[in-house]
Amino acid sequence: CFVNVETPDILCKKLRTTLSPDKIESAFPEISAISCPFCKNSPSFTFIFIFKDLSIDKLFAKHDKIKIAVTGLNRSGKTVFIASLINHLLSGKNLNRPSKFIAKIKPHREQNIKEFDYYSIINTTRMTNPHWPQSTNNISKIEIEFEIKSKNNFLPNSIVNLEIIDYPGEWLLDMQMLHLSFREWSEDFFLDVKKYRREALISEWINELRKYDLYGFYEGEDINTIINLYHKYLKESYQNGFSILQPGRVVQTNSTINKKLLEFTPLPTPKYMSPYEKSIYNLFEQRYNKYVDEVLKPFYENWFSQFDRQIILIDVLKNFQNGYDQFLDMQRAIKKIIQIYHYGEQSFLKHLIDKKINKVIFAGTKVDLLKPEQHQNYQKLLNQIIEDAKRELDVKGIKTQSLVFASVKTNEATVDFEIPSTFPKRDKWENYKIHIPETKPIVFPELETEVVPSVNMNILVDYLLGDKI
């Protein structure tokens, strides 16, 4: 009966209807003669304060839990962002709202998931030659507990648990495969190749496919060359800055997956015929379905469900360095991310994710590399890039916001680059080529009461968590 009580007088009435005065008097004889300041009855129910002194009030505190989906394409800086977010929350500084709270990292007791090793990550910045943390190669999790001072001294403090999950960015777009058949996935792939000018990268694999009867009776001939050349294409696309790469685990460094589960490729859809039951086409279709069932579904059911809020990290500057087609590919990848979270009513993930997320923030990274007078143009360009995705979310009634920020400022000087405020045309692209130098992070402070230098992290934290902390 103590849950969601807002005023002490209501609490007092609830206590009177729940506990008899005789029991209260026998349990707390020292307060039996004191009148209650709210209902003026005796004995007083000020034993609530005794509960508070004994920290028993935590049993009656209002508990809340938030799960944040930190979403980003490969090499978008998710791990560094999470470390910076934790640093800001533990220090309680550089926040827009002057809340009175204590934040601490909860002990990690789960056996089936690795802990997000916050302290090891920030220690990489404290070395003689500080460096960014290594790329994530598996899923990890961390929980932060907030005890927030009650606005009313008669009520216990509230408790908020924040759960954050880190995972390789290469896994993200594989989610789309959950709702695509092998045929649909293949057709989608070949459409992308034509639309985004990847023919030069894929020509060797295409030529190899033409040597095989993909739909006739498969007699066990060696097909490893098909698989290896497709994997080569994915890795070269990755190095050239493309974002839509499936299956993403092929390009992931230090992947722990059984490589046998990745032995399939998209194939052209057969025309005017059905493939033999024992054909290369059907074999790859079976392997595709196995990958979806044994790798993707368990992962997303266990870890991608029940998110409340989502942040999508977008490295816009990297794509000015990579090229025009890579930029278009990034924009389409953002739209695919949104579509992953918003299927039709019968979709596999609809009941897991779509109905839960109520806030989405699009965050353009590395703004610290630009001069302050360029930040406004960066913001305008980001808004144009996400326009389609934002419109789709608005129709769903989900709150959205965009901003440009830097999780951690670097020690490097800003680059001399005038970022356009609108998306440039292909023939003007060379005017906006940028070279981003290798940068080193600023050292994370030794004291948890100090905050790491950043840009606009206070705005981002306020949007994600301001209503809770």
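Excluded from the calculations below are hydrogen atoms, water molecules and symmetry mates; all remaining heavy atoms, backbone and side chain alike, are included. None of the values given here were measured: they were computed from a predicted structure.
Remark: K290 NZ is loosely packed, at most 12 non-hydrogen atoms of other residues, nucleotides or ligands lying under 6.0 Å away. Annotation: R109, atom CZ; neighbour count of heavy atoms from other residues, nucleotides and ligands within 6.0 Å does not exceed 12. The environment of K409 atom NZ is sparse: at most 12 non-hydrogen atoms of other residues, nucleotides or ligands sit within 6.0 angstrom. Other residues, nucleotides and ligands place more than 12 heavy atoms under 6.0 Å from the CG atom of N258.
Residues D308 and K65 are not paired through a salt bridge, judged by the lack of any N-O separation under 4.0 Å between the basic side chain and the carboxylate. Ion pairing between R183 and E187 holds under the 4.0 Å rule for side-chain N and carboxylate O.
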task = Please lay out, stage by stage, how L201 and F242 fare under the test side chain to side chain contact (heavy atoms under 4.5 Å, CB included).
result = CA-CA 11 Å; L201 287 171; F242 286 98; 3.8 Å; yes
ask   = Which is it for F189 and Y230 under the ring-ring contact (aromatic ring centres under 6.0 Å, His included) test, yes or no, and what are the steps along the way?
value = CA-CA 12 Å; F189 168 80; Y230 178 71; 5.7 Å; yes
inquiry  = Apply salt bridge (Lys or Arg N to Asp or Glu O under 4.0 Å) to residues R391 and E387 and explain how you reach the verdict.
reply    = CA-CA 6 Å; R391 186 185 302 117; E387 185 177 359; 3.4 Å; yes
inquiry  = Pair V292, K297 - check side chain to side chain contact (heavy atoms under 4.5 Å, CB included), show working.
reply    = CA-CA 6 Å; V292 169; K297 282 185 180 180; 4.2 Å; yes
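Taking the six-membered ring wherever Trp is involved, the centroid distance between the rings of F327 and Y432 does not fall below 6.0 Å. Proximity of the aromatic rings of Y324 and F423 is defined here by a centroid distance below 6.0 angstrom, and this criterion is met.
Between the side chains of N157 and E147, at least one donor N or O sits under 3.5 Å from an acceptor N or O. Side-chain atoms of Q286 and N282 include no donor-acceptor pair closer than 3.5 Å.
By the 30° and 60° cut-offs, the orientation of the rings of Y118 relative to F444 is perpendicular. The aromatic rings of W429 and F320 sit parallel, their planes meeting at an angle under 30°, below the 60° perpendicular limit.
The two residues L381 and T422 make their nearest non-hydrogen contact at CD1-C, 3.6 Å. Of all heavy-atom pairs between F101 and I148, the closest is CB-CG1, 3.9 Å. The shortest heavy-atom contact between I223 and L283 is CD1-CD2, 3.8 Å.
In terms of modelled atom types and a separation under 3.5 Å, the side chain of D368 and the main chain of V455 share no donor-acceptor contact. The backbone N or O of V250 lies less than 3.5 Å from no partner atom in the side chain of Y238, so there is not a single donor-acceptor pair. Under a 3.5 Å cut-off, the side chain of E208 and the backbone N or O of I226 do not form any donor-acceptor pair. Looking only at distances, a side-chain donor or acceptor of D329 sits under 3.5 Å from a matching main-chain atom of S243. A donor-acceptor pair under 3.5 Å is formed between the side chain of S186 and the backbone N or O of L267.
Rounding to the nearest 0.5 angstrom, the gap separating the CE atom in M177 from the CZ atom in F182 is 9.5 Å.
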